[in-house]
Structure formats: structure tokens, C-alpha cells
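Down below is the structure, laid out as C-alpha cells.
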Amino acid sequence: MSQLDEKWQERWQKAHLFEPKDEGGEKFFLTPAFPYPNSPQHIGHGRTYTTTDIYARYMRMKGKNVLYPMAFHVTGTPILAMAKRIAAGDEEIIGIFEKIYGISRSKMAELTDPNALVRYFSEEIEAGMKKMGYSIDWRRKFYSYDPHFNAFIRWQFEKLREAGYIKKGRHPVPWCPVSNAAVGAHDTQGDIDPQVEEVTAILFPFLDGYLACSTYRPETIYGVTNIWVNESAAYAKVKSGGRVLYVAKEAIPSLSMQLDLQVEGELSGREMTKSSAANPISGEKIPVLGASFVNPAHGTGVVMSVPAHAPYDFLALRDAGKLGEIPLKQVLRLDGFGAFPAEEICRRMGIASQSDPKAEEATAEIYKKEAHTGVMVVGEFAGMRGVEAKERVRQKLLSAGSAIPLYEISNGPIYSRYGGLVGVKVVEDQWFIDYGDETWKQKARECLALMKILPEKARKEYEYTIGWLKAKACTRSSGLGTRFPFDESKMIEALSDSTIYMAFYTIAHIAMKMKPEQLTHELFDWVFLGRKSAGLAKEAEEMRRAFEYWYPLDSRHSATDLVHNHLTFFIFNHVAIFPEKYWPRQIVTNGFVLMDGKKMSKSMGNIIPIRQAIAQFGADTIRFVTVSGADLSQDSDFNRPAAEGVISRMEAFMEIMERHAKEKDGKVGMAERWLMSRLHKRLLAAPALYETLQLRELSLELFYNTFNDLQWYLKRAEKPQLREFFELWVPAIAPFVPHFAEEAWERLGKKHYVMDAPFVSVAPFPKGDESRVDESLEEAEKYIGLLIEDIKSILRILRREKAGKIEIFVASAWKRKLREIAAQEKKFDSAMKLAMADEEIRAHAKEAARVLQAYMKSAGALGKTPAEEFELEALGSGKKVLESEFGCPVLVSKEEGSNAPKAAFSLPGKPSILIS
RNA sequence: GCAGGGGUUCCAGAGCCAGGUCAAAUGGGCGGGACUUAAGAUCCUGUGGCUUAGCGCCUUCGGGAGUUCAAAUCUCCCCCCCUGCACCA
């Protein structure tokens, strides 16, 4: 297998088969999402690239000048984080590299340098792609941190700024206080993605300042009966923005990421309870009480108490023995509950105290119900649903200065790889790309409407995403990539520098040979926008021509997970920068690859590195299995039996070809005509399937079902001759299994029936010929097939191996008439009436009633009635097959005139059988 | 919660848009048989139940209700699963 793969890969390379000229004929430009080289690739990565490759190869065979380029995305922090982890001797990652990918420890020692790491893994990935036989033009390779590419991205941002889409503001980000940097999932212990959530800190007048109570449910301010503090914790008096606040001491580190705080004094939780506070809405005086459930490190460490609706508050109140003393106050009405849902649920669940773990469950249930089905019964928002009131109350408190917005990590506590507890920092000087801009959105929608989306059902996802996209933070304080042109201390983050790089491919092979400083904004203005200015580099004209030739992008490919970000940004940025004639034409998204039905994951260790898989099964097998296992949008499954099934069929195809396709075909008989009819039908259907990437359907048609046809044909043909068949079939399947196809193409030698080409990879795609499709022949063959089934099942029931003689009776004319009536009338009564009007049928009234009854069951499904001549003809030609199949004489006669009782069982299309 | 995608016979997975030929393709697994010294591969065959010289009956396509001569397919309600809701590549 691998020898064969290499043989053809070398020859393709030597012939520069996949390096198109920047001119000539109809072009087709397609790109998959470029890989991120911080690990080797596994079998799952291969699906998108294989899908793209099959498309590229098909288009090439359709005579298009195809460009399929590749580059590497290294932007952002994951590569840096990976190098650091290796340097730090992180056993988890080292173990994965060693066990799954077979990278030696000495090799890993070199990968502590990010550049070395990029080089190593990108070479690894490139080698893998070559071994998969991808028809990539590697001359255009670049890395997203190359200075040439940087120049291009800086130009892009200049254009975005000119269009008014770049903005500056403040932004909350997950932050590690130890490394003093923003953190993403790859920076946290356990790779947890920190979720930032907005909360509200309501300020309750207290002593000389305010108690800051952070809450998710500001709307319950109307039901506050008291304030909770943790009596065993330390509290602090702090000054912030000219105001005095009281918060837990432990909360200060995380709060100071967001607020400017000066500590002015300290007091114990117990001291706090000696004073009372006031409700900022009503001015009502409320006590400050102690509760053990209050976590001083969480939020502000001060909690407002709404015992009617919050189970913890109710339980703490009960634990404090204050139930009777402090009356509960209802805020929301909830179906199925009385005035105080928290109380009810605590009693119903039998929760003992605030330290009972069931309290958490009760809280989750009540919160969820109240938020969505609860209706406010107090205050100015009475009658409003919980969720809506929440937002309104929050805004009201914020604008009145009675609350401050805070952020927290909702899925915490999360620790960074450097040991810090991840908090939320509000970053000033954050730059954004404003995807919330309405006129921009409108243009994006226009582009989407013009594009083909495969599978089409994904279109709604794009529409939805365009709808909800808001300003996106586009800079980071660290990472690889391109410096932000309007603040050189910042880096452009990874989803923002990968939106129009497809345009760079069109000139990359020229640009990468130039000096980076030659790649000026003026040059790009000319190349991409046609705005000419003086003194451009001498390559400018060639670049302009290349871009104008290849753009727009004909097809963009990725897995489905990029729809909500990258692919939508891709649309936005194209419409922002390029004129309409260069807007992308199509986006194709595919599902993932499962391993034995399960998601691949590092922790399960069920990842097959792509190069290992190729070594084991061969490139064609991996290609075939990953794309043919499921519809485009569904996850496909990779498993050994499927892979082996493909291998054995390929071998069988090759063997049959070697045996029966040596010479030009001789006299063509029924069997050959039948086989070619089947093949041409499939060839006729193939183009539409290839164009819409229905690879599963194609693989079924051109591979599995065709294989079954061949089996039948071999059984049927007296002297098999398959020369024409293989000359047509090999190129048809070539996009899927190019190495196999090249080998077969070569072994076929000089072609007799199709146009020859040095490589099947660039041979014309075989045309289906309608005149070769013979439906009646196929019908006849099917008829014989069914008959064989029937005879076999009768033999089985008789427990007989062999028949002495088989007699077949073809149904009489009156039954055919009856069947026609049944098919037309569809209702028993009227059909019967009509039938009885026919003399011939009436002569068999009793039997006619029985037969009609049977037909009525599937009245509309009857289709056209086979003619008697058809059946006799089919039987005439099929008789030989039947005789050889069963090794006995076969007699064919008509039901009419026969006195065999069995004969009466015959139906049109379903002759009766008598075995003796 | 919002948005999208799903729930099919032992498993995977078609079919559903355009209702009937659907007990439901195809592959896998499993049972039986052929071949073989044997295993593997390959081939034949079975794989909801009951029947039976096939052409037959009953029950089934997440649950329920409806439309229709006819529903896996159309309509309505409900249940369950997956993905996304960003600043992360």
C-alpha cells in the first residue's frame, strides 16, 4: 500500500501536476482552514482536507484550472503555551506526545523553543498531507507570523479602520494574577475555558458607606429582608471611586482586578452584624446577620437575603432562628408554588440546613423556574417575566448609582497553569472589530444570500450568527502573529488575522520571494483593490493579474465548529474590504470523525495520528473511510472493519480488472449491456453529487453498489469482458482513491474507450451516456433476480438442495387488466365494480376479488403493470442463468391453458413457480 | 433560556423535503453453510414475531393526538440527546 502511495506521490510531484499557472482557462480556487501546528494531526483533521482534495481533483478532471494551496496558522498563545508546558516538564502533555504521537523525549527537548516547535509540527503536518495524496500547490506556503503576511494583515486592518470598523474600549477578560496575563482554555489547569459572567453589585447604605452585595438576581431587591455576612471571615472598609464600600477581605484581590480599591480599615464579620443597612430602593432598614454559606472569596463576600425565593437565604434564616421574627417578602409569582417557593422547596426536599448539599439543587431548580416562568408581583415592573425584570432592575440600579457592574468566572474556581486563581480583569485600551455595525451586517447578509452553502441547512446558522455578533476584541497583550498597527504593544489575535488570508494565497508564491518592506500598503491597494499609485515593486503587475485571475474564492472548507466564528468573520471581512465581484462563492462545512463510534479525545487515548493510520491502512483507505461514512454534516466513524472492507474491495476490483480487462471487449451481450447501463446511470448522476459534495452517496454508488453490480455481472456473464467498464470506472472513482486509480490507470495501458492521459488525476471525468441506459433491461434483470430469490426461498422451505425441474407460469391477461384497474381506482368498491364490468375478469370473479383485495393494500404503489411480452422476454434471456444457478431444466409457460394448480398463483410481474 | 441539528430495525446509518413499490437501502456484528488440514480472506444464506412451497398475517421507525383510502414520511403537542451562545484556536 504505502509503496504504491509513494510511487504516485513522487510522480505527481515530479510532473508538478498540482501547481497551476496563474492564467489559462476556467479557474477553480478552493481552500480549507489552515492547520495550527502545535500538535501533529490525527485522523479527524484529515476529513476536511480530504473533502477539499476530492473536490479539487474532481474539478481538475472537469477541466478546471484548480488552485488548492496550504499555509500554517501560528497566531496567538497556544503555541507559546505548548512550548512552555514542554519546557516546564508537564507530564500530561509529554505523555500524550510520547504515547500517542510517538515523539521521543530528546526530540521534545528541542520543542521548548516556539519556533522549533512550529517548524517541527508544521513539517510533520505537511508530510502527512503529502502522504495523504492531497493535490496541494505547496509553492504558496507561508506562516501567519512571517513578516510578509504581517504586512498583508496590517494592510487589512488599515482598510478596516478606514471603513470605520475598528473601535477602542474597555473589556472584561479572564485574568491570571500570577502571570499577570489574560488566560484562554489552554492556559488553565485541565484546559477549562473560563466563562466570564456579568453580575451586579448592589450598594446598600451602611455606616459611612455601602455594603456591596454581588448578585445574579437584582430583580429580587424587592424581597430583601436582611444582609448576610460570614461571621468568621474578615471584612474590610475600602475606598473606590470616592465611595466607601464594605467587602470581604478575601474578595479584595479579585475585585481589585476590576475596581480601583484602597483599603482603609478592617473589621470582623461579627462586628459587621452590629450595624444595620438600608434597602437602596425602599430605604427600609434591614439587619445584617451571619450565615455560614457565605463564601468570603466569592463575589464581594456580602450577600443580600431574599428568603422567599432563594433556598440558601431561607435556610440560613431558619438556622438563625429568625423565621418568625423576620417576615418573608414575595417578589415573583410562580405557577405551582405559593408565595414563598424557596420555603416550599426546602420543606419538600427535606433540606436540613444551609450546609446540606441538596440546597444547591434546590437553588438551581428555583432559579431556573423563576427566571423563565416567574412573573413579578411587586415594584414598578410588576407583571413582567423574571428574565426581563432582571435586566430592567439592573439598569435602573446602575443608572441611579445604587449598583456597580462586576464580572466573575461563572464556572470557577479555575486555576491557571501558573497557579493563580483566574479572575476577571477589565482591560482598558481594548481594540475591537465592530461586527455589531448594522450596515456591515446588512452587507454580510447580502453576501450570504449570494453564496452557496453546503450543506444548505447550515445557512440558518450563519444568518443567526450575523444577527448576534457584536464588537469582537481583536487584540491581545501577547502571542505570535502580527502587531496591531494602531498600538504596537498589542498583537492581533488569531480569529482576526485569518479572515481574508485566502486572498494572500493568490500572490504568496510571488510575495514570499520579495523583501517584506516591499509589501507596502500602496502595493496591496493596487493588487487587491486596483488602486494604482506610482513606484510600486516590479512584481506588482504579475501579482495583480494573479489575484484577478484567482479571486473570488470558489469554495471555502472547514469543519462545522467554525461556522459561529471564523466562517462568519470571513464573510464580514470580505464584504468590508473587497468589491462585490470578489466576494466568496461557497462555504462547505463537514462533521467530525469518530473513532469506533466515540469522540476522539486525548484523555481516552483513542486518537490515531494520521501518519500512523496511513502506514497501517494506506492513504486511499483513510481518505475513503473518513469521507464516506456519513453525510457531509454528520460525524463519520472510523473503525477497523470499515477500513478493511474498503481495502478488500479495492483489491478485488484490481484483481477483477487484471483478469477481465486485458484486451478490448469483444461481442457485447445482454450481461454487458446491463452492466454498462448501470454504470452509465451512475456516471450521469455523479457530477451533481460531486458538485454538492454528497460523498457518502457517491461512495455508495460508485464503490459499494458498483461492486455489487460487478458480482452479479460475473455470475451472469459467460465470458466476462470488462475493458470498457474499467476505463470508465477508474477515473470516476479517482478523486476518492487517487493512488489506487493511478495504478489501475497505468495497468490498463493504452485506452480504447476514453481519452488517454498521462495521469488519471488529470484525465477528463468520464461522461455518462444516456443512450447506454436501458431501463427495460435493468427491469428484466431485476425480475430474474427476484425470481431466483423466490425459488431459493421455496427450496429452503422444502428443505431441498436441488430441484429436479422448475416450471414457471406467467400470469394471464385478465390479471393484468385487474391490476391496472386497482392501480387506477385505489378504492376497493369502485375498483371491484369496474372490474366486474369486464367480462374476462368476471369469468374469474371469485379469484379476482381475492387478488383485488391483495392489491388494495398497496394500491398507489402498484406502478405500471408489466406486459406479458416483457415477462416472457426476460424469462427467455434469463432462463440460462436460472438453469445454471439451480442446475436443472427450467420450463416457461403461460398460466392460461395450464392445468397445474400452482399456475393460478401467478400475478403480473410475479410468476408462479412449480418445483418438482 | 436562545439558536441549530438529531432520536429509524443488534450496532452504525439511509429513507423523511416531493405520503403508497418500506419489515424499511448499505455496511458492520452475530447465526448457518460452502471452500480450507485449520484459521483468515472470500462466496452463499439467515438476522422483528408468527406462519407458509415463495406471492401471507401481525407488531415496529422517541411518546401521544390528528389529516388521509394509505404515514418512518404531513400537522400539532410532549419527552430525550448533541452543538454553539465568542474574544478561544
Side-chain angles (χ1 to χ4, degrees), chain A residues 33 35-36 38 73-79 171-174 182-187 193-196 368 371-372 387 430 432-433 435 455 457-458 460-461 463-465 467-476 479 493-496 498 560-566 568-569 591 594 596-597 599 628-631 633-637 639-642 644-646 648 651-652 696-697 699-700 704-705 708 711 715 786-787 789-800 825-830 851 854 856-863 902 905-907 909-915:
Chain A
Y36 194 86
N38 71 339
H73 198 204
V74 298
T75 305
T77 51
I79 283 172
H171 191 64
V173 291
V183 291
H186 53 270
D187 302 309
D193 196 17
Q195 303 289 328
V196 172
K368 195 174 163 189
H372 302 293
V387 264
Q430 175 65 59
F432 297 90
I433 300 177
Y435 293 121
K457 63 186 169 189
K460 284 187 208 144
E461 301 253 346
E463 284 165 359
Y464 180 71
T465 307
W468 68 250
L469 272 182
K470 299 181 294 239
K472 170 173 169 58
C474 63
T475 59
R476 292 288 301 259
E493 63 82 45
L495 284 170
S496 301
S498 55
T560 51
D561 55 340
L562 298 186
V563 172
H564 302 273
N565 45 54
H566 164 74
T568 306
F569 299 156
L594 303 176
D596 289 320
K599 216 171 183 158
S628 70
D631 283 344
S633 63
Q634 306 273 312
D635 293 348
S636 72
D637 188 38
N639 55 70
R640 178 174 284 274
E644 282 169 353
V646 171
S648 81
E651 281 168 356
R696 182 193 165 76
E697 185 69 13
S699 70
L700 225 58
Y704 293 107
N705 290 345
N708 293 345
Q711 303 279 18
K715 194 192 282 185
L786 289 174
L787 196 56
E789 296 280 298
D790 282 347
I791 296 171
K792 276 182 181 165
S793 80
I794 296 170
L795 283 172
R796 198 175 325 117
I797 285 157
L798 292 177
R799 294 178 201 290
R800 283 174 57 175
E825 288 302 313
K826 297 198 165 66
K827 287 194 186 170
F828 184 81
D829 291 348
S830 51
V851 172
M856 252 33 258
K857 296 229 174 241
S858 53
L862 288 172
K902 274 289 154 207
F905 283 93
S906 64
L907 289 173
K910 197 90 191 164
S912 69
I913 299 157
L914 175 61
I915 294 172

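All values reported here derive from a predicted model rather than from experimental measurement. Here is the naming used below: chain letters follow the sequence lines, and residue numbers restart at 1 for every chain. What's counted below: heavy atoms across the whole structure, side chains too, no hydrogens, waters or symmetry copies.
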Check: Whole-Å distance between rA41(B) P and Glu644(A) CD?
Finding: 8 Å
Note to self: Taking the C1' atom in each of rU26(B) and rU9(B), what is the distance between them to the nearest angstrom?
What the structure shows: 14 Å
Notebook entry, point to check: What's the CZ-P distance between Arg640(A) and rG29(B), to the nearest Å?
Noted result: 12 Å
Check: Which nucleotide, in any strand shown, forms a Watson-Crick or G-U wobble pair with rC30(B), with both distances under 3.5 Å?
Finding: rG46(B)
Notebook entry, point to check: For atom P, what is the distance between rG20(B) and rA70(B), given to the nearest Å?
Noted result: 15 Å
Next item on the list: Nearest whole angstrom, please: distance from the P of rG13(B) to the CG of Leu594(A).
Entry: 8 Å
Checklist line | Same-atom distance (C1') from rC2(B) to rG19(B), integer angstrom | finding: 34 Å
Margin query: Measure CG/Asp635(A) against C1'/rG5(B) and give the value in whole Å, please.
Written below: 11 Å
Margin query: With rounding to the closest Å, how many angstrom separate the C1' atoms on rC69(B) and rG32(B)?
Written below: 43 Å
Notebook entry, point to check: Atom OG1 in Thr560(A), atom CD in Gln634(A): separation rounded to 0.5 Å?
Noted result: 10.0 Å
Checklist line | Separation of the P atoms in rG29(B) and rA53(B), to the nearest angstrom | finding: 35 Å
Note to self: Pairing check on rA72(B): which nucleotide meets the Watson-Crick or G-U wobble criteria with it, both distances under 3.5 Å?
What the structure shows: none
Notebook entry, point to check: Can you tell me the Watson-Crick or wobble partner of rA18(B), both distances under 3.5 angstrom?
Noted result: none
Check: Does Pro455(A) reach the side chain of Asp631(A), with side-chain heavy atoms less than 4.5 Å apart?
Finding: no
Check: Considering every strand shown, what is the Watson-Crick or G-U wobble mate of rA41(B) when both distances are under 3.5 Å?
Finding: none
Note to self: How many whole angstroms separate atom CG of Asp637(A) from atom C1' of rC11(B)?
What the structure shows: 10 Å
Notebook entry, point to check: Taking CG from Leu700(A) and P from rG27(B), how many angstroms apart are they, rounded to a whole number?
Noted result: 8 Å
Check: Between the side chain of Glu493(A) and the main-chain N/O of Gly76(A), is any donor-acceptor distance below 3.5 Å?
Finding: no
Check: How far does the P atom of rA39(B) sit from the matching atom of rC30(B), given to the nearest Å?
Finding: 15 Å
Next item on the list: Rounded to whole angstrom, note down the P distance from rC57(B) over to rC16(B).
Entry: 26 Å
Notebook entry, point to check: NA contact type, Ser498(A), heavy-atom cut-off 4.0 Å: base, sugar-phosphate, or nothing?
Noted result: nothing
Notebook entry, point to check: Side chains of Leu495(A) and Lys472(A): does their closest heavy-atom pair fall under 4.5 Å?
Noted result: yes
Next item on the list: Please state whether the rings of Tyr435(A) and Phe569(A) are parallel, tilted or perpendicular, taking 30° and 60° as the class boundaries.
Entry: parallel
Checklist line | Complement of rA25(B), any strand, by Watson-Crick or G-U distances under 3.5 angstrom | finding: none
Check: If you look at every strand shown and take non-hydrogen atoms under 4.0 Å, does Asn639(A) touch a base, only sugar-phosphate, or nothing?
Finding: nothing
Notebook entry, point to check: Sub-3.5 Å donor-acceptor pair from the side chain of Thr568(A) to the main-chain atoms of His564(A), do we have one?
Noted result: no
Checklist line | Length of the line joining Glu463(A):CD and rA3(B):C1', which is rounded to integer Å | finding: 12 Å
Item checked: Between rG27(B) (C1') and Asn708(A) (CG): distance, integer Å -> 10 Å
Check: For Leu787(A) and Pro911(A), which heavy atoms make the closest approach, and how far apart are they?
Finding: CD1-CG, 3.7 Å
Notebook entry, point to check: Mapping Gln711(A) and Leu787(A) onto RNA chain B by nearest heavy atom, which one lands closer to the 5' end?
Noted result: Gln711(A)
Next item on the list: With P as the reference atom in both, quote the distance from rG46(B) to rU8(B) in angstrom, rounded to an integer.
Entry: 25 Å
Item checked: Base paired to rG84(B) (Watson-Crick or G-U; both N/O distances under 3.5 angstrom) -> rC2(B)
Check: When you check the phosphate oxygens OP1 and OP2 of rC17(B), does a side-chain N or O of Lys457(A) lie under 4.0 Å from one of them?
Finding: no
Item checked: Under 4.0 Å protein heavy-atom contacts per nucleotide of nucleotides 84-89 of chain B, with B for base, S for backbone only and - for none -> S-BBBB
Margin query: Tell me the closest heavy-atom pair linking Ser628(A) and Ser699(A), and the distance in Å.
Written below: CB-OG, 3.1 Å
Check: With a 4.0 Å cut-off on heavy atoms, is Glu697(A) in touch with a base, just the backbone sugar-phosphate, or nothing at all?
Finding: nothing
Next item on the list: Report yes or no: does Asn639(A) contribute a side-chain atom to a donor-acceptor pair with the main-chain N or O of Ala642(A) at less than 3.5 Å?
Entry: yes
